[in-house]
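Data first, discussion second: the structure below is written as structure tokens.
Order of the sequence lines sets the chain letters (A, B, ...), proteins ahead of strands, with each chain counted from 1.
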Amino acid sequence: MIRDDLAERIYKAAKKAQRKGSLPKTEIPEVIVERPRREEHGDYAISLPLKMIADVNRALKEAEKPRLSPLEVAGRIVHRMVEAPYIGQVEVAPPGFINISLDEGWLAQQVEAILSVGDAFGDVDLGGGARMQVEFGSANPTGPMHVGFGRNLVLGDSLASLLAAAGYDVQREYYVNDSGTQIAKFAESLYLRYCELLGREPASESGLQAGEIPEGGYQGGYVVDWAQALVTAEGERFLEMPYEQALDQVREKGLAIAMENIRRDCERMNIHYDEWFSERSLYDPEAAPELGGSIFDRVMSILREGNHLYMKEGAVWFNATALGGDKDEVVIKSNGQPGYFVSDIAYHYNKFRQRGFEWVIDVWGADHQGHAPRMKAMMEALRLDPEQLTLYIYQMVTVVESGETVRLSKRAGTQVDLREVLDDIGPDALRFFLVARAADSQMDLDLDLARQQSDENPVYYVQYGHARIASILRYAEEQGHTDAGADVSLLAHPSEMALIRKMLELPEVVHTAAERLEAHHLPHYAQDLAATFHAFYRDCRVVSSDPADADLTKARLRLAAAAKLVLARTLTLMGVGAPDQM
RNA sequence: GCCCCCAUAGCUCAGUGGACAGAGCAGCGGCCUUCUAAGCCGUCGGUCGCAGGUUCAAAUCCUGCUGGGGGUACCA
């Protein structure tokens, strides 16, 4: 990448200046190459001289030599710089910057370079093929997916795409929480509604009261709908069997409906998982025959052997505080049921020890942030490096409708379904909206505003750019133009150069976004790129009817094709469609 | 109380310790007889929450304060 190469050249130039005696031998800080805001400062700016100046003058004073200005330091570094084909102008600017512009002849050739790389343009090698997992979107399968979870889905999926582009071998996984208290409550609620619809009393041993969703149960209207589906598909047969058996079967049916809903929503969001991992399998000895028992059994014995467990008040606790956690955590509840935390331990044992992921990212909402310290303690207990697990926390989405904050609870049935919003504003606009905000700032989703502004969503601006290029290419073909034998060195117009420059930023954006786990850079770059294309469109006629322009037309068709490719890649990284027509 | 995140234009938000703080939307004024006007051009709009500190340089780092969100369960 140009940015890294430049950094190295500057570093070497500074070293050489020191060797040749034009600069004193001070320590050279890391060379940071930035993209200046202002055009007249070139394509890249280096402020190294300013960072060095204090040390340099201190050393000069000790040697009883005259002081230097940062500008002079910059000049002496530049003097030792080795040329490169991509380097155009190199300037020093007050107070002590080194500004570098790309060579325009080289820039023009990059159109061919981009086209030859094709769909892989934008890829960088940060990961070196390391096997990793992004686990995201793992909503409890006890109801339809809530719109707030859309943020989880979109951030997780875009991160996965970014990391794949950055050279990691990425696996996308959904953790199906198909065991535990929530599922049990959900099954009871569903069973109760089922009885109601059939006008029957719940089985006496259920302890349920007709018409009364139990404490902590699910009140949402969808439970009635799903119960109705059970009635339609299964009739009354669940009432003709013992309660325990009926509850089991109702739970399985309910789970299937919930998962089908979730899968459908993911499909619509253009999210495709490699694996749907069942929590229940952690307790199933047959799921891990090589362990000679369940994964749960295995981690319990590891924890026991590591002296991480103790008894208190009838429950088994994990001693997280001894490993730097903030508080201890219940592993086996006093009723004998395993708590969620032990599932997490078993799950991560499976991820790292059985499946061998080198790096795992769990995408969590801020409402789960309290678990982070215990998760790190868990890694220690499993004798794993805590650095291998990244807990990626995003702040909550609050939904505002008619000027009021909607209280969101799946159990109370007051949530806004993801599907509703998908129907309103569509997946592309929703994805773009959700990915555009940094994960650590909370966001308000004003549904009225979102509906009203869905036509104004910047995603269409970007997609329109792509469609416009497609249209130009179609038109060119109709007019009998091809880009065969094009000579891209004819490209020299400032708007052509600007477009090529912008395209070349994609690898840097991918690098930065992947390194910092910040997907929100993508939509901002996409808008920039589209704007640069629209400016090119304004200034440069691509398909000319004048035979004298035939060569330029060919060159510009190549440029347009490259721009189309880069726009499409950027949209794809966000999971947003790149239409050829609007 | 303690822990985490946030506060930048009317609104929604970008902004690697660097040069005059940006974008979209909203507002105002222009531009279609040639490849898509879902576009382009111009204009209006800022005590970067407040107060200190570090630095040659702070929206950015540190401390305190104010305001908002989340957490602090044998729920997940």
Only counting residues at least two apart or in another chain, list the ones meeting ring-ring contact (aromatic ring centres under 6.0 Å, His included) with Tyr174(A).
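With sequence neighbours excluded, Tyr174(A) shows a ring-ring contact (aromatic ring centres under 6.0 Å, His included) to Tyr273(A), Trp276(A), given in chain and number order.
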Side chain of [X], heavy atoms from C-beta onward: which of [options] has the nearest atom to it?
X: Asp440(A); options: C6(B), G71(B), G24(B); answer: C6(B)
X: Ala438(A); options: G22(B), G70(B), A14(B); answer: A14(B)
X: Glu34(A); options: A76(B), A14(B), G18(B); answer: G18(B)
X: Ile32(A); options: U16(B), C25(B), C74(B); answer: U16(B)
X: Arg38(A); options: G18(B), G22(B), A76(B); answer: G22(B)
X: Glu313(A); options: C74(B), G18(B), A23(B); answer: C74(B)
X: Asp367(A); options: G18(B), G70(B), A23(B); answer: G70(B)

Does Phe433(A) have Arg437(A) sitting over its ring (NZ/CZ under 6.0 Å from centre, angle to axis within 45°)?
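Yes; both conditions hold, so Arg437(A) lies above the ring face of Phe433(A).
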Any residue meeting salt bridge (Lys or Arg N to Asp or Glu O under 4.0 Å) with Lys333(A), in chain and number order, not counting sequence neighbours:
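Expected list: none.
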5' priority, RNA chain B, between Arg516(A) and Thr181(A) [closest heavy atom]:
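Nearer the 5' end of the strand: Arg516(A).
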Between the side-chain atoms of Gln369(A) and the base atoms of G70(B), is any donor-acceptor pair under 3.5 Å?
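Checked by distance alone, the answer is yes.
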All side-chain hydrogen bond (donor to acceptor under 3.5 Å, both in side chains) counterparts of Gln527(A), not counting sequence neighbours:
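side-chain hydrogen bond (donor to acceptor under 3.5 Å, both in side chains) list for Gln527(A), sorted by chain: empty.
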I'd like a list of close polar pairs between nucleotides 54-58 of chain B and the protein, N/O only, cut-off under 3.5 Å.
unit_1	atom_1	unit_2	atom_2	d
C56(B)	N4	Leu50(A)	O	3.3

Kindly state which residues belonging to residues 477-484 of chain A come within less than 4.0 angstrom of RNA chain B, counting heavy atoms of the residue only, listed by number.
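Heavy-atom cutoff 4.0 Å gives no residues at all.
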Stretch residues 426-435 of chain A: residues that reach within less than 4.0 Å of RNA chain B through a heavy atom
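None - not one residue of the stretch has a heavy atom sitting under 4.0 Å from the strand.
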Base, sugar-phosphate or nothing for Asn457(A)? Non-hydrogen atoms, less than 4.0 Å.
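Here Asn457(A) touches no strand at all.
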How is His371(A) classified with respect to the nucleic acid when contacts are heavy atoms under 4.0 Å: base, sugar-phosphate, or nothing?
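Result for His371(A) = base.
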Give the stems involving RNA chain B, where a stem is 3 or more consecutive Watson-Crick or G-U wobble pairs (i with j, i+1 with j-1, and so on) under 3.5 Å.
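Output for stems: B:1-7 with B:66-72, B:10-13 with B:22-25, B:27-31 with B:39-43, B:49-53 with B:61-65.
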Pairs flagged by salt bridge (Lys or Arg N to Asp or Glu O under 4.0 Å) wherever residues 526-535 of chain A is involved - sequence neighbours left out:
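For residues 526-535 of chain A: Lys502(A)-Asp528(A).
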Would you please name every residue forming a side-chain contact (heavy atoms from CB on, under 4.5 Å) with Val78(A), sequence neighbours left out?
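side-chain contact (heavy atoms from CB on, under 4.5 Å) list for Val78(A), sorted by chain: Val90(A), Val92(A), Ile98(A).
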In the 5'-to-3' direction, what one-character label does each nucleotide of nucleotides 31-40 of chain B receive under the scheme B = base within less than 4.0 Å of a protein heavy atom, S = sugar-phosphate only, - = no such atom?
---BBBSBSS
What pairs of donor and acceptor atoms, side-chain ones from residues 364-373 of chain A against any protein atom, are under 3.5 angstrom apart with sequence neighbours left out?
unit_1	atom_1	unit_2	atom_2	d
Gln369(A)	NE2	Ala366(A)	O	3.2
His371(A)	ND1	Tyr340(A)	OH	3.1
His371(A)	ND1	Arg374(A)	NH1	3.3

Nearest whole angstrom, please: distance from the P of G70(B) to the OH of Tyr392(A).
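Value for this atom pair: 20 Å.
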Selection residues 463-482 of chain A - residue pairs positive for ring pair (Phe, Tyr, Trp, His ring centres under 6.0 Å), sequence neighbours left out:
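For residues 463-482 of chain A: Tyr464(A)-His534(A).
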So, do His41(A) and A19(B) meet the stacking rule of ring centres under 5.5 Å and planes under 30°?
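So His41(A) counts as stacking on the base.
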